[in-house]
Amino acid sequence: MAQIAQVLVDVPTMQTNDPYSYAIPDQLADQLQPGMRVTVPFGHRVVSGVVVGFTTSTQYEGQLKSIRAVLDLAPVLNPELQQLADWLAQTTYAFRITCIQTMLPNLLKASVERQIVPTNELTATERAVYFPDGAARDFDTSKLDTDTVAGLLKLRRAGKVTVTYQVKDKASVKTTPGITTSLAPQQLEDLKQSVATRAPKQAALLTYLQALPDHPVPQAKVAHAAGVSSAVIRGAETKGWLKRTPLEVYRDPFQQPVKPTTPLRLNAEQQAAVDAITTAVTQRQAKNFLVEGVTGSGKTEVYLQSIAVALQQGRSALMLVPEIALTPQMTNRVKARFGQRVAVLHSGLSKGEQYDEWRRIDRGEATVVVGARSAVFAPIQHLGLIIMDEEHESSYKQDENPRYHARDVALWRGKYHDCPVVLGSATPSLETRARAAKGLYTRLVLAHRINDRPLPTVHIIDMRAELKQHQGDDDFSAPLLTAIQDRLDRHEQVVLMLNRRGFSSFMMCRDCGFVLKCPNCDISLTYHVNPRVMKCHYCGHEEAVPTVCPNCRSRKIRYYGTGTQKVETALQKLLPTARILRMDVDSTRRKGAHEKLLNQFGQHDADILLGTQMIAKGLDFPNVTLVGVLNADTALGLPDFRASERTFQLLTQVSGRAGRAEKPGEVYIQTFNPDHYAIQLARTQDYERFFVTEMHMRHQGNYPPYYYAIQLTASHEDESVAAKAMYQILAAVKQGLSDQAIILGPTPKAIARVKRKYYYQVVIKYKHEPHLKAVLDQIRQGSQRAPRGLAVAIDAEPMNFM
DNA sequence: AGCACGCCGACT
DNA sequence: GTCGGCGTGCTC
């Protein structure tokens, strides 16, 4: 019986979330496999799709259409990744095709192009206006002006033009000319004798050709080895001495070769960690580890030696790092150990380079993969080990559909491959640490720094007292300024961090540090300009904007936030001789700018590096002996239950930047909340106590990890449409879920209007909701037929509650 | 996502 | 009377 292909079409809707059936033309029958991309007729156009299986019968009553073309020679999704895509769609409430697109490199995303073709029905004037060059033209409504689009649509309705569709596959393989020769060595020798005296270059080429291997050799290599120019080679080609054939090459993102390194000697803790991971790797256990190592405890060396074990076992390894940590220094460290076997996947590569790295992995040529979030989908086979460094980083969660967390995907793949997953962090997320406490992960603690380097001394500066004493600059306390001046005198370097996160305005008293909070949620209230009120983004509570501090009656209660530029100017005024380097979103927008700034600082072209969060991660300059945090509180004030956790993580990390090598480090943290546990415990780098304290807070507030959370967001240009949609969703949620579920909202988002759209949200906290999936699917169905421009998003375990 | 079908208001 | 607005429903 004839086979029917099941195809997921590239149309992300609820109705097309299940595969459609297509007949398979005879000439495609023996090449078609699940996991291949195809083009199919769909309605009155052609779209791309992915074959997910074959059947012999179908429910569909109508006449089946046939697959148009196959886009791939081999499947782009292996069976594991096909299964993963389905699981991803289930758990993130995203469309299956959207998940598949996310898993594939950008170049494999086929695009559909429309063309508009004139017919004989057109009048001469119409032809002159719309088809000046007489031929068909591209019909991209976003690129043409509205009048032209309207005109062309009108002509189509009149049947005077037709529209054609073309699916364009962007996947392109780069080639270079490859040299082969069909002449025998003796023939070449004869030729050489005949030209030897007058054409030494040709003779040299002929000598080289005599020793040419059977397979094609890149022309550049031939030219270099024989010492001839490409003109000589082209000349030889016309004489029939050699043939040039296209040779597939990889766009090589590794420019310069890296000096190889050998494994470093491990201390007892590191060795114990490597041993535990080794056992799991060699026994092929899907066992998960949490490597909890203070900054400077040598986690990376543990990762590298564990990867080496997997490779020895003939398996491959995946190492995930946050995008921001994916610097050449970082990747070079891996390449130095594993050389050619390493593939790097990240957004800094061109589309072509990404595709080539992906193919090297797919073909098993690269067995160590280093990359950011989306690298978790790399088509690696025989996985022996997955490592996720800085596991607590929120960038592992994608904030568009599918809203997946790379950690969950890593754990899924570990299970699939029976291989261990190692999560590493100095400050693990509460979720992860709690799971370790429950025994789901094995904890491997690295409590000692390499060579027992001391931790930096951390000073907490009470900015309330500071501001009382010296009027003038808000941003710099006297002790911090003195410390900076001291480093300048000693020709040492300083890192200053300005916490820009949550520039969103909350009210804080400059005299006592009091932050206005919601009486119901214990979350800071957010200042709204229009209407002028304080609002809680969790429960919707509203109150008037205070003019005096409810705590100390001071009038100095105002909203809080400052910018790097302003701080730079102020600092330059205070310290005219200091050379300051500013690093923020603005100064690093250009590609490579980030790198360049860090290199400058590394060469001591500047004394002070002033930046936002981005300087907290992984940079390591031995000459930095002072780290200052200008405003530790901004993140604390955010209306998010993870505010304390983020603050603790950030302060702990940035403190780790001070004092490397022989020079001891010092850290100054300026804060209006010197007694807050997140700040106090960051001072002593006491993660365990922070974990216990914060878990208690989460328990009190019914927050994760004690509860699961789902965030539903509706957005629309018209605020009332978004709000109305959210109230309808709320009704559906309330009706479908048990009264055990805690439903917060609807509330406007902290930043109520982004890109001309208003956002409203509802958060569901729950422990056990068997109907949840059904309720959310019902909401998804409902949002199909929503007013134009309304977007409803479902985010399981959201990272941003604002 | 597109696109057709179909039902209402403002124009040649 | 028709043109064109966009709400609704379908695509194997």
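Within every chain, numbering begins at 1; the chains are lettered A, B, ... in the order of the sequence lines, protein sequences first and strands thereafter. The model shown is predicted, which means the values in this text are computed figures rather than measured ones.
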Over all strands shown, is A:T13 touching base, sugar-phosphate only, or nothing at heavy-atom distances under 4.0 angstrom? base
With a 4.5 Å limit on heavy-atom distance, are the side chains of A:I764 and A:L712 in contact? yes
Assess the side chains of A:Q6 and A:Y22: does a donor N or O sit below 3.5 Å from an acceptor N or O? no
Between A:S374 and A:L345, is any pair of side-chain heavy atoms under 4.5 Å apart? no
Distance-only side-chain donor-acceptor flag, A:S347 / A:E323, under 3.5 Å: yes
Taking C-beta and beyond as the side chain, do A:I4 and A:T56 meet within less than 4.5 Å on heavy atoms? no
Aromatic ring proximity A:Y60/A:Y20, centre distance under 6.0 Å: no
Which part of the nucleic acid, if any, lies within reach of A:Q15 when heavy atoms closer than 4.0 Å are counted: base, sugar-phosphate only, or nothing? base
In terms of side-chain heavy atoms, does A:N800 have a donor or acceptor partner in A:Q711 at a distance below 3.5 Å? no
Would you tell me whether A:H346 and A:Q354 have side-chain atoms, one donor and one acceptor, within less than 3.5 Å of each other? no
For A:F95, which contact category applies under a 4.0 Å heavy-atom criterion: base, sugar-phosphate, or nothing? nothing
Candidate list A:E80, A:Q381, A:H382, test side chain to side chain donor-acceptor pair (under 3.5 Å), partner A:H417, passing option: A:E80
Enumerate the residues from residues 98-114 of chain A whose closest heavy atom to DNA chain C is under 4.0 Å, giving them by residue number; use none for an empty result. none
Tell me, do A:M36 and A:Q31 make a side-chain contact under 4.5 Å, heavy atoms counted? no
When you measure from every atom of DNA chain C, which of residues 36-43 of chain A have a heavy atom less than 4.0 Å away? A:P41, A:F42, A:G43
So what does A:Y60 touch, heavy atoms closer than 4.0 Å: a base, only the sugar-phosphate, or nothing? base
Nucleotide range of DNA chain C lying under 4.0 Å from chain A heavy atoms: C:dG4 to C:dC12
